[in-house]
Amino acid sequence: MGEVAAELLYGMPAMPLSWPGPDGIGGGGGGAEAAGGCGALLAELRQLWGEIGKSREERERTVRELEMECMRVYRRKVDEATAERASLHQSLAAGEAEIAALTAALGADSSPQLKVNKWTMSLNDRVSAATNLLEELRAMKAERSKQFTAIRSEIDKISTEISGRSYGYDNSPRASEFDEHDLTIRRLNEYRARLSSLQKEKSDRLHRVLEHVTEVHSLCDVLGEDFIAIVNEVHPGLHETADPGKPTSISDSTLASLSQVVAMLTSEKTKRAAMLREAVVPLVELWDLMDSPEEERRSFRKATAVLRPAREEALSSGVLSIATIKKTEEEVERLTRLKAGRMKELVLKRRLELESICRSMHVEPDTSTVPEKSIALIDSGLVNPSELMASIDEQIAKAKEEQQSRKEIMDKINKWLLACEEEKWLEEYNLDENRFNTGRIARLNLKRAEKARLIINKIPAMIDNLMSRTLVWETERNKPFLYDGARLVAVLEEHKQARLRQEEERRRLREQKKLRTLFSEKEAMPHLKRPGSSFGRTTEPCNMSRKRVDAAPPSVRSSSGSSGSSGGGAADPFRPRSSAAAGSGAGHCGEFFRSGGARRLSAAAPFNYVAVSKGGGGGGGLSSSMMS
C-alpha cells in the first residue's frame, strides 16, 4: 500500500504530496495547497475511522478502493492528454500537407516557407505557426486564381472572336477551366504570353478588317454601290451604324468574305473602267473634232480621268456607276449624230490643219484630199465622209511624224536663213555712206554689223553641217529632203558654189583695184621725175605695170582699156562692192530669199536697227579688227 494507506492504517505521518509546478519540474504553491487539502481530509478520515472503529481489513479495502479510484482518474487524464496530443499532431500534419500542396501549386520560389523547430517548440506553437502560414498561402492562392481567371477569361473571349463564336451567349464555363494545381508564376507568364499573342493577332485582324472595309467603302463610292447593303451581307457589325455594344467580327470567315468582296469590286471596277474608257476615247475625239464648248465638256470632266492611268486610283465619287457610263455613251451617240451633219465643215478643218503642218515644214501636202476635191466627193456621195476624215487624219499623223523628224534640220535651216539675212543686211549697211555718223542708231547698227560679221564667218560651217545632217536624214528615210519643192542638198550645194564664185569675184575685184592703183601711180610718175635722172629707171616700173596688166584676166584688160578711153562712160570694173555685186553676191541665197524664205523670216521676226539690245555688244571688243 502507499503512503496514504499506511497513514490511514497505522497512523504514520504521510509524506507531503509533491505536485508539479507550472514549469513541470518541482512542486509549487498549488501542489502545497493540494497536499495540505489532502492531509486535512486524511486526518479527518482517520479520525472518523477511529470513532467508527473500522478494522484493519475494512481500512485496507477502503484504501484499495481509493487507490483504484485515483488510478481511474489519472488514466482518464492521461488518455485525454494523449488524445489532445494526437489531435494536435493530426492538425499539424494536415496543415503541413496543405502547406506543401499550396507551395507546390504556387511555386516554391514565390511562396513563404514554414520555419519551426520541433525540439524547442510545443505542438500548440507549431500548429499556430502552421495555421498562420496556411492562411497566408490560401490568400495568395485566391489572388493567383483571380489572375488566372481574368487572363483565361480574356483568352477565351479573344479566341471566340477569332473563331467566330458568340462570346457571352454560350453558357459553357470555359473561364474556370484551368489547372488549380499549377498556379506558378511560370504558368501565369505562359498565360500572359498567350494572351499577348492573341491580343496582337486580334489587333492585326482588326487592322486587316478595317483596311478591307475602307477599301470596300472606297470601291462602293466610285462604283456607286450601296456600301451598307454589301457589308451587311458579310457581317452586320462592320459598318458605323451597327450596334456599338457588339465587337467587330475578326473571324477567318469574315476576313475571307471581305477579301472576296474586295476582289469582286476590284474586278467590277476594272470592267467598268474599260467600258467608260471605250466611251470616253471617242467622246474626247468628237470634242476635239467638233470644237465643243467648255460648258458641254464640264459635266464629263470627271469621266475623262479614266484616260490617265496614274490617277485611276483617285477617281471621283460615282464616276464608274452604271448611270455615268450610260450617260457618257448617250453623249457619244448624240455627238456622232451631230458629226454626220457637220462632216463637210470638219473635213475642211482637218485639211486646213494638214496644210498648216505642211506649210511649217515647207513641203506640199497630199493633193488627193484638196478642199475642192473633198467637197465634190462628199456632195456626189462617192465616198464616205468618215473614210475621207480617216484618210486626212492618217495624212496628219504622217505629217506630224515627219515634222518631228525634220525638226532638227528645220532649226538649222532657220539659223542659216537668219545668217543669210544678216549677210544681206551687212552688204546694204556697207553701202550706206552715213554708217559712221554719230548717234544712238549708228552705234547700234555698228554693234549689229560686228555681230553680223561673226555670224557670216560661220555660214560655210553651217552649210556643211546642214548638208551632212540632211544626207543622214535622206539615208535613213530613203527619200530626198524637199524644201519648197526643191531638194535641200541641191539648194545648199548651189548656194555653196555661188558663195565660192562670189569669193572669186571679190578676189578678182581686189586684184583689179591693185592694178588700178598701179596705173594711177604710172600716170603720176612723169610729174614726179627729178631733173637729170636716168630715163631707164623710170621706165622699169611702167614695164612692170604693163606686165601686170598683160597678166590680168581679159575682162580686166578690156575694162581698163575702155576706162582709159571712155573717161567714165562705162561701168568702172575697179569699183568696190557695188549694188550689182550685192544683188548677185548672195548667190542662190538671194534666190532662196526671193522664193519665200526671206518673206517668212521677215514676217516672223523683222529686223529693226533701233531694236538691237544695248547689252548685245558681245563682239564690241572685235570692232576695230573687224572694221580693219
Side-chain angles (χ1 to χ4, degrees), residues 360 362 407-467 469 483-484 488 491-492 494-507 509-510 513 575-628:
S360 65
H362 290 266
K407 184 177 184 302
E408 181 182 357
I409 299 177
M410 293 300 298
D411 293 340
K412 295 181 181 296
I413 291 174
N414 292 333
K415 292 181 180 179
W416 170 58
L417 293 178
L418 288 174
C420 292
E421 184 71 19
E422 287 294 300
E423 184 180 25
K424 181 179 179 182
W425 177 85
L426 184 61
E427 291 176 355
E428 296 176 355
Y429 174 75
N430 290 332
L431 296 177
D432 187 8
E433 298 179 354
N434 299 324
R435 63 182 181 275
F436 296 114
N437 293 345
T438 59
R440 180 173 178 271
I441 296 178
R443 288 196 302 272
L444 294 177
N445 289 337
L446 182 60
K447 290 182 178 180
R448 180 179 174 182
E450 294 174 358
K451 293 182 179 180
R453 293 187 184 96
L454 296 176
I455 294 174
I456 292 169
N457 292 333
K458 299 178 182 179
I459 289 180
M462 287 183 184
I463 295 175
D464 294 338
N465 189 10
L466 184 56
M467 289 181 66
R469 185 67 188 88
Y483 192 96
D484 287 339
L488 181 61
V491 173
L492 293 174
E494 184 177 353
H495 177 72
K496 188 175 181 180
Q497 296 299 327
R499 290 188 66 85
L500 293 176
R501 290 194 298 270
Q502 181 183 3
E503 292 296 329
E504 182 65 23
E505 180 68 18
R506 290 176 179 174
R507 187 188 63 77
L509 291 176
R510 286 194 297 269
K513 185 177 181 180
R575 63 183 177 182
R577 296 165 61 187
S578 61
S579 58
S584 62
H588 190 75
C589 184
E591 298 176 2
F592 198 75
F593 287 145
R594 288 192 295 273
S595 66
R599 290 194 299 273
R600 180 180 60 81
L601 293 175
S602 301
F607 290 93
N608 189 352
Y609 297 167
V610 185
V612 179
S613 173
K614 292 183 178 181
L622 301 174
S623 60
S624 59
S625 62
M626 296 299 293
M627 291 299 297
S628 62

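A quick note: this is a predicted structure, and the numbers were derived from the prediction, not measured. Computed from heavy atoms alone, side chains included, the values below leave out hydrogens, waters and symmetry copies.
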*Should Ile455 and Lys415 count as side-chain neighbours, where that means a heavy-atom distance under 4.5 Å?*
no
_Counting C-beta onward and ignoring hydrogens, is there a side-chain heavy-atom pair between Leu488 and Ile409 closer than 4.5 Å?_
yes
*How long is the gap from CG on Leu492 to CG on Asn465, to the nearest 0.5 Å?*
11.0 Å
*Does a side-chain heavy-atom distance below 4.5 Å link Tyr483 with Val491?*
no
*Arg507 bridged to Glu504 by N-O distance under 4.0 Å*: yes
*asked:* Which residues pass the salt bridge (charged side-chain N to carboxylate O under 4.0 Å, His left out) test with Lys458, not counting sequence neighbours?
replied: none
*Kindly write out the residues that satisfy side chain to side chain donor-acceptor pair (under 3.5 Å) with Lys412, not counting sequence neighbours, or none if the list is empty.*
none
*Under-4.0 Å salt bridge between Arg506 and Glu503*: yes
*Flag the pair Arg448 / Tyr429 as yes when at least one side-chain heavy-atom distance between them is below 4.5 Å, and no otherwise.*
no
*First locate atom CG of Asn430, then atom CD of Glu427, and finally report the distance between them rounded to the nearest 0.5 Å.*
8.0 Å
*Side-chain heavy-atom pair Ile463, Arg499 within 4.5 angstrom cut-off*: yes
*Listed partners of Arg469 passing salt bridge (charged side-chain N to carboxylate O under 4.0 Å, His left out), at least two apart*: Glu408
*asked:* If I take atom CG from residue Asp432 and atom CG from residue Asn437, how far apart are they, to the nearest 0.5 angstrom?
replied: 8.0 Å
